[in-house]
Participant: 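First, the structure itself, so that you have it in front of you.
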Amino acid sequence: MSIQYEAPLADSYGVADSFPKDFGYGEEEGDIEDSPSPSDSKPRILLMGLRRSGKSSIQKVVFHKMSPNETLFLESTNKIYKDDISSSSFVNFQIWDFPGQVDFFDPTFDYEMIFRGTGALIFVIDAQDDYMEALGRLHLTVSRAYRVNPEINFEVFIHKVDGLSDDHKIETQRDIHQRANDDLADASLEKLHLSFYLTSIYDHSIFEAFSKVVQKLIPQLPTLENLLNIFISNSGIEKAFLFDVVSKIYIATDSSPVDMQSYELCCDMIDVVIDVSCIYGLKEDGSGSAYDKESMAIIKLNNTTVLYLKEVTRFLALVCILREESFERKGLIDYNFHCFRKAIHEVFEVGVSTSRTSSQPTGTPLMKTVALNGTPRSTV
């Protein structure tokens, strides 16, 4: 496997030490009883579940780059933590981690305020434990939240499945899915939809599940998917992901099915690029940036597959999977990427240092596309 790499320039955020420790989102803000802050108006993702179900470990691994093995030493959460995830202008929300032993319907908590500003509610169930009590708490939680805010996306993480066989995973998911929906039907809540995911912090399943959750909170998702479809169809690319670099959450991909192995390859590529950049891309005094507008990497696998990474914004990277024969048209791919990158900046209005003069409304950018032979095509 060969790696071609361009050293980044000092223009973005810097990383002085190792990627897992310093290349993160910052610290938690504190508990819910603190005085209100301007960030309280941001969309919220609530992490709920019984004690020791793995809520805090998920948050630390995904958003703070903690090694899964280190989560074994985390203390049990005893208050509600608010974690402000401001990775970019659109992945811009708070995660509220609720301790399992706290009754958040206690009169001292304003649960209507909590649920009214919530975009997604993630309920974590320990698949290696008896989940009957967890199912009861799940029903109580989602039914109360749905009556306050029917627009909440309800997500169920069937967690810690790394210790289960494949057959046991499927059977556990089927049983939890059946029991949870039966409880909702008995309560005449058939319109309440639950999404179920098998997750573990010891593989990429937790990142993929969080990707699906975050995508539902991005109103521009159809536009992003359309832009990616145009890009890959005109560039001979098999698959493309738009990644949030810090968390390795993919906020959009093209319309073709997601293969878990392809997603894992792209995640590993981001790790390689950042790790190498932290070692060789900084100045002698340690200053500079590990990821900026000049960041680019090419990895050629021994099965004629090429992985191609390019910087889109300060926080986003486009990772493409294609064949070597398609990569021979690298000039065409780079031109199409330039059009794609410009469209993304117009959609989100990020990273723009000079004013633009355009009559096209934000959210419906003009993107010039080119056919595989380089012939200009109609704009979208």
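These values consider heavy atoms only, across backbone and side chains, with no hydrogens, waters or symmetry-generated copies.
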Participant: If only side-chain N and O atoms count, and only distance matters, is there a donor-acceptor pair under 3.5 Å linking His193 with Asn153?
Facilitator: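 Not at all, the side chains of Asn153 and His193 share no donor-acceptor pair under 3.5 Å.
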Participant: Let's go through Glu311 and Arg341 carefully: what are the C-alpha distance in whole Å and the side-chain angles of both, what is the deciding distance for salt bridge (Lys or Arg N to Asp or Glu O under 4.0 Å) to 0.1 Å, and is it a yes or a no?
Facilitator: CA-CA 9 Å; Glu311 185 265 0; Arg341 185 175 185 270; 2.9 Å; yes
Participant: Looking at Phe123, is Arg137 sitting on its ring face, NZ or CZ under 6.0 Å from the six-membered ring centre and within 45 degrees of the normal?
Facilitator: no
Participant: Looking at residues at least two apart in the chain, or sitting in another chain, which of them share a ring-ring contact (aromatic ring centres under 6.0 Å, His included) with Phe196?
Facilitator: His177
Participant: Could you list the residues that satisfy ring-ring contact (aromatic ring centres under 6.0 Å, His included) with Tyr308, not counting sequence neighbours?
Facilitator: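 Expected list: Phe327.
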Participant: How long is the straight-line distance from CG of Asp126 back to CD of Gln128, given to the nearest 0.5 Å?
Facilitator: 6.0 Å
Participant: Using modelled atom types only, decide if a donor and an acceptor are shared between the side chain of Asn149 and the backbone of Phe115 within a distance under 3.5 Å.
Facilitator: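 Checked: pair present.
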Participant: For residues 258-266, dump all side-chain donor-acceptor pairs below 3.5 Å to protein atoms at least two apart in sequence or in another chain.
Facilitator:
from, atom 1, to, atom 2, distance (Å)
Asp259, OD2, Ser262, N, 3.2
Asp259, OD2, Ser262, OG, 3.2
Tyr263, OH, Lys248, O, 2.9

Participant: Answer yes if the side chains of Asp162 and Ser200 hold a donor-acceptor pair under 3.5 Å, and no otherwise.
Facilitator: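 Short answer, yes.
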Participant: What I want to check is whether the side chains of Asn226 and Thr223 have a donor and an acceptor closer together than 3.5 Å.
Facilitator: no
Participant: Would you check if Val161 and Thr199 make a side-chain contact, meaning some heavy-atom pair closer than 4.5 Å?
Facilitator: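 With C-beta onward as the side chain, the pair stays apart.
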Participant: Are Phe210 and Phe63 an aromatic pair by the rule of ring centers under 6.0 Å?
Facilitator: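 Ring centres of Phe63 and Phe210 closer than 6.0 Å.
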Participant: Can you classify the ring geometry of Phe157 versus Tyr197 as parallel (below 30°), tilted (30 to 60°) or perpendicular (above 60°)?
Facilitator: perpendicular
